[in-house]
Visitor: 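Please find one structure pasted underneath; my questions will follow.
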Amino acid sequence: ETLFHSRDRSDLAPSLLRRATPIADLFAAQRFLSKYGWADAPPGAGSAATVSRGPRPDRSREGPPGTALAAALREFQKVNALPASGELDAATLATMNRPRCGVPDPRSQLRAVSTAPRTPPSLLGRRPRTR
Amino acid sequence: PKRFLQILLPGPGWQPKNPPQGGGTQAFAKKTLTWRLVGEGYSSQLSVEDQRYIFRLAFRMWSEVTPLDFREDLTAPGATIDIKLGFGRGRHLGCPRVFDGSGQEFAHAWRLGDIHFDDDEHFTPPTSDKGISLLKVAVHEIGHVLGLPHTYRTGSIMQPNYIPQGPALELDWSDRKAIQKLYGSCEGSFDTAFDWIRTERNRRGDVMVRFSTYFFRKSWYWLYENRNNRTRYGDPIHILTGWHGVPAQSLDAFVHIWTWTRDERYFFKGNQYWRYDSDKDQAHAKDEQGKSYPKLISEGFPGIPSPLDTAFYDRRKQLIYFFKGSFVFAFDVNRNQVLDSYPKKMAEVFPAIEPQNHPFRSIDSAYYSYAHKSVFFLKGSLYWKVVNDADRQHQAWLPSNGLFPKQSISGKWFDVCDVHASTLNM
């Protein structure tokens with residue numbers, strides 16, 4: 001059977017209430033960057049492990065990102081093949097909202113993208129068949 | 001709680017032991033790792049059998065490219081299990097990291113081998129093209145547990161963002177090299193290796209000759225795709241799955257007598273041999289005179305001892321070289337007898353080019369490779385290449401049938417890796 005625990009099987013129904021809070025503003029973006037190793041935690045947001053539960057500062061006081069944050073944004077944009085403006089634009093927000101693994105991205109690793117070993121020369125041939 | 005001290009977070013002060021460029025760290029120092037889908041962590045979206053099957057396949061895929069084995073263990077105390085997997089929603093499985101509901105974070109892995117999946121995500125089996133492939137996410141998270149970090153390299157399974165996959169999820173060349181950088185490449189001796197010739201007709205009706213390379217070990221085998229420098233996806237598989245009517249394990253030799261008038265393929269084991277029918281893909285039951293197979297080697301190949309170490313057919317000389325111990329027997333297939341001057345010492349017929357750099361005796365396989373147009377002597381994890389015509393055109397001083405110094409098999413034929421016996425028939 002498909003596993004359920006409550007008598008009315010309500011826990012089987014998709015939990016519409018439990019959707020990830022979209023990343024839609026600078027503060028959420030900073031939390032994202034901090035959570036995944038791109039920047040330090042925003043002030044007052046606690047450690048990376050708890051970043052998702054810190055109090056949200058007053059939105060009206062949001063201004064342009066600071067230099068450190070802009071630099072982190074720029075690096076994130078670069079690696080994700082986005083225009084490296086350092087600005088929180090729609091494309092960057094969309095990328096941040098994509099499904100992803102919760103393990104952070106060590107930045108030293110990301111620079112390795114261009115140096116990863118390449119496939120050795122091999123004869124052209126048919127596409128590999130499925131398993 | 002102690003187990004969750006550290007998510008795979010290269011936090012301050014933490015440095016990988018040997019951070020090769022693009023690196024990661026070896027997480028386990030043993031060859032066989034156990035895993036379990038924990039009872040309190042079943043997903044509510046797929047049947048438990050589906051979940052366990054997908055995880056078994058995910059572990060097998062890493063096993064196919066590393067010396068590691070993965071065994072599902074349903075009985076040992078939980079604390080002894082190396083890798084534990086489970087699903088949860090929001091706050092889950094005693095983990096300090098809260099899942100965020102559907103969207104964004106769909107799974108994470110902890111350094112000591114715990115993998116958690118957010119059950120609010122729409123995980124689907126490999127056969128579905130909707131939702132998030134549980135197989136792909138599992139292979140990714142297991143990569144973390146084994147020590148691989150994220151990379152943004154196109155095509156890598158270790159990209160942080162989920163990328164819907166086409167039908168064939170496989171580990172590409174760079175992922176294989178990255179994990180082998182941490183755990184080494186696969187070594188091991190083979191029972192036999194051979195190229196299998198196929199004749200096909202192309203659309204114009206011309207006969208095309210193709211070949212596939214096979215490596216046999218115990219009761220399983222691999223097809224090696226020379227053009228892709230790797231074994232076939234999904235190999236190794238049981239010998240009985242792909243070859244019918246031959247012994248199920250520990251074959252000694254394969255010989256293909258291929259002339260303008262003859263096309264005979266033989267498997268050897270112990271004191272017997274089998275003839276294989278390529279068209280019907282099974283061993284012959286009887287020969288043209290109605291005599292049944294298997295037959296005694298002493299009858300079919302008079303003067304040849306058994307059991308053999310190995311054998312190969314030299315098409316140019318129309319001789320089969322049979323090897324046993326330190327001796328080699330040259331068998332003339334046209335006169336059906338051993339050449340008068342044989343047996344000889346193997347080191348005499350195939351002399352070492354570099355003194356003492358020679359297998360001397362008990363080789364595992366003598367393999368003629370059409371891809372390399374050379375004979376290779378395999379012994380343990382090493383091979384010695386026999387001088388061929390091309391070699392002698394460049395260096396005329398080379399002795400005929402000389403052996404070049406030994407090299408590592410895994411440096412020439414890549415990713416010929418065992419998998420745990422419990423997953424061989426996947």
Side-chain angles (χ1 to χ4, degrees), chain A residues 1-5 9 11-23 32 35-37 47-50 52-53 78-81 95-131, chain B residues 7-11 19 21-24 42-48 89-90 96-109 116 118 120-122 132 137 140-141 144 149-154 156 160-162 167-170 172-174 177-178 225-229 232-234:
Chain A
E1 65 169 13
T2 304
L3 188 62
F4 59 90
H5 295 283
R9 305 187 184 205
D11 58 340
L12 265 184
S15 52
L16 296 179
L17 296 177
R18 200 179 328 210
R19 295 190 58 79
T21 309
I23 299 169
F32 173 93
K35 179 177 178 182
Y36 294 112
S47 70
T50 57
S52 54
R53 286 180 291 146
K78 210 181 302 173
V79 175
N80 281 279
T95 302
M96 288 182 173
N97 277 292
R98 283 174 61 195
R100 61 159 289 154
C101 168
V103 173
D105 313 328
R107 260 178 280 163
S108 63
Q109 158 64 16
L110 299 174
R111 272 196 292 280
V113 167
S114 55
T115 57
R118 292 278 165 250
T119 303
S122 65
L123 302 175
L124 289 179
R126 289 174 297 156
R127 268 178 41 82
R129 290 177 295 142
T130 57
R131 181 182 293 269
Chain B
I7 199 170
L8 289 180
L9 191 68
Q21 183 69 28
Y42 291 156
S43 167
S44 58
Q45 305 179 63
L46 297 165
S47 72
V48 174
R89 290 195 168 100
R97 180 94 162 202
V98 178
F99 277 135
D100 53 9
S102 70
Q104 294 176 42
E105 184 173 343
F106 49 60
H108 52 229
H116 301 162
D118 185 346
D120 279 324
E121 302 295 344
H122 179 210
I132 291 182
V137 173
H140 174 100
E141 299 303 332
H144 279 315
H150 282 155
T151 173
Y152 272 87
R153 184 182 52 75
T154 305
S156 171
N161 289 108
Y162 179 75
L169 167 68
E170 295 293 348
D172 73 1
W173 173 264
S174 293
K177 294 304 132 197
E225 297 182 349
N226 289 288
R227 75 175 70 124
N228 299 320
N229 289 311
R232 178 174 46 189
Y233 291 144

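In what follows, chains carry the letters A, B, and so on, assigned in the order in which the sequence lines appear, proteins first and then strands, with residues in each chain numbered from 1. The structure displayed is predicted, hence computed values, not measured ones. As a basis for the values below, the full set of heavy atoms in this structure was taken, side chains included, without hydrogen atoms, waters or symmetry mates.
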Visitor: So which atom in C101(A) and which in H144(B) form the shortest heavy-atom distance, rounded to 0.1 Å?
Guide: SG-NE2, 3.5 Å
Visitor: Ignoring hydrogens, what is the shortest heavy-atom contact between R98(A) and N161(B)? Give both atom names and the distance.
Guide: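 Closest approach of R98(A) to N161(B): NH2-CB, 3.5 Å.
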Visitor: So which heavy atom on R19(A) is nearest to which on S102(B), and how close?
Guide: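 Of all heavy-atom pairs spanning R19(A) and S102(B), the closest is NH1-OG, 2.9 Å.
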Visitor: Which heavy-atom pair separates G103(B) from A20(A) by the least distance, and what is that distance?
Guide: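 Distance-wise, the nearest heavy atoms are O-CB, 3.6 Å.
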Visitor: Drop me the distance from E105(B)'s CD to Y36(A)'s OH, to the nearest 0.5 angstrom.
Guide: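 Atom-to-atom, E105(B):CD and Y36(A):OH are 4.0 Å apart.
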Visitor: How many angstroms lie between CZ in F106(B) and CZ in R100(A), if you round to the nearest 0.5 Å?
Guide: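 It comes to 8.0 Å.
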Visitor: Please name the pair of heavy atoms, one in N97(A) and one in Q104(B), separated by the smallest distance, quoted to 0.1 Å.
Guide: OD1-NE2, 3.0 Å
Visitor: Using every non-hydrogen atom in the two residues, find where D105(A) and P160(B) come nearest and quote the distance to one decimal.
Guide: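 In this case the closest contact between D105(A) and P160(B) is OD1-CB, 3.6 Å.
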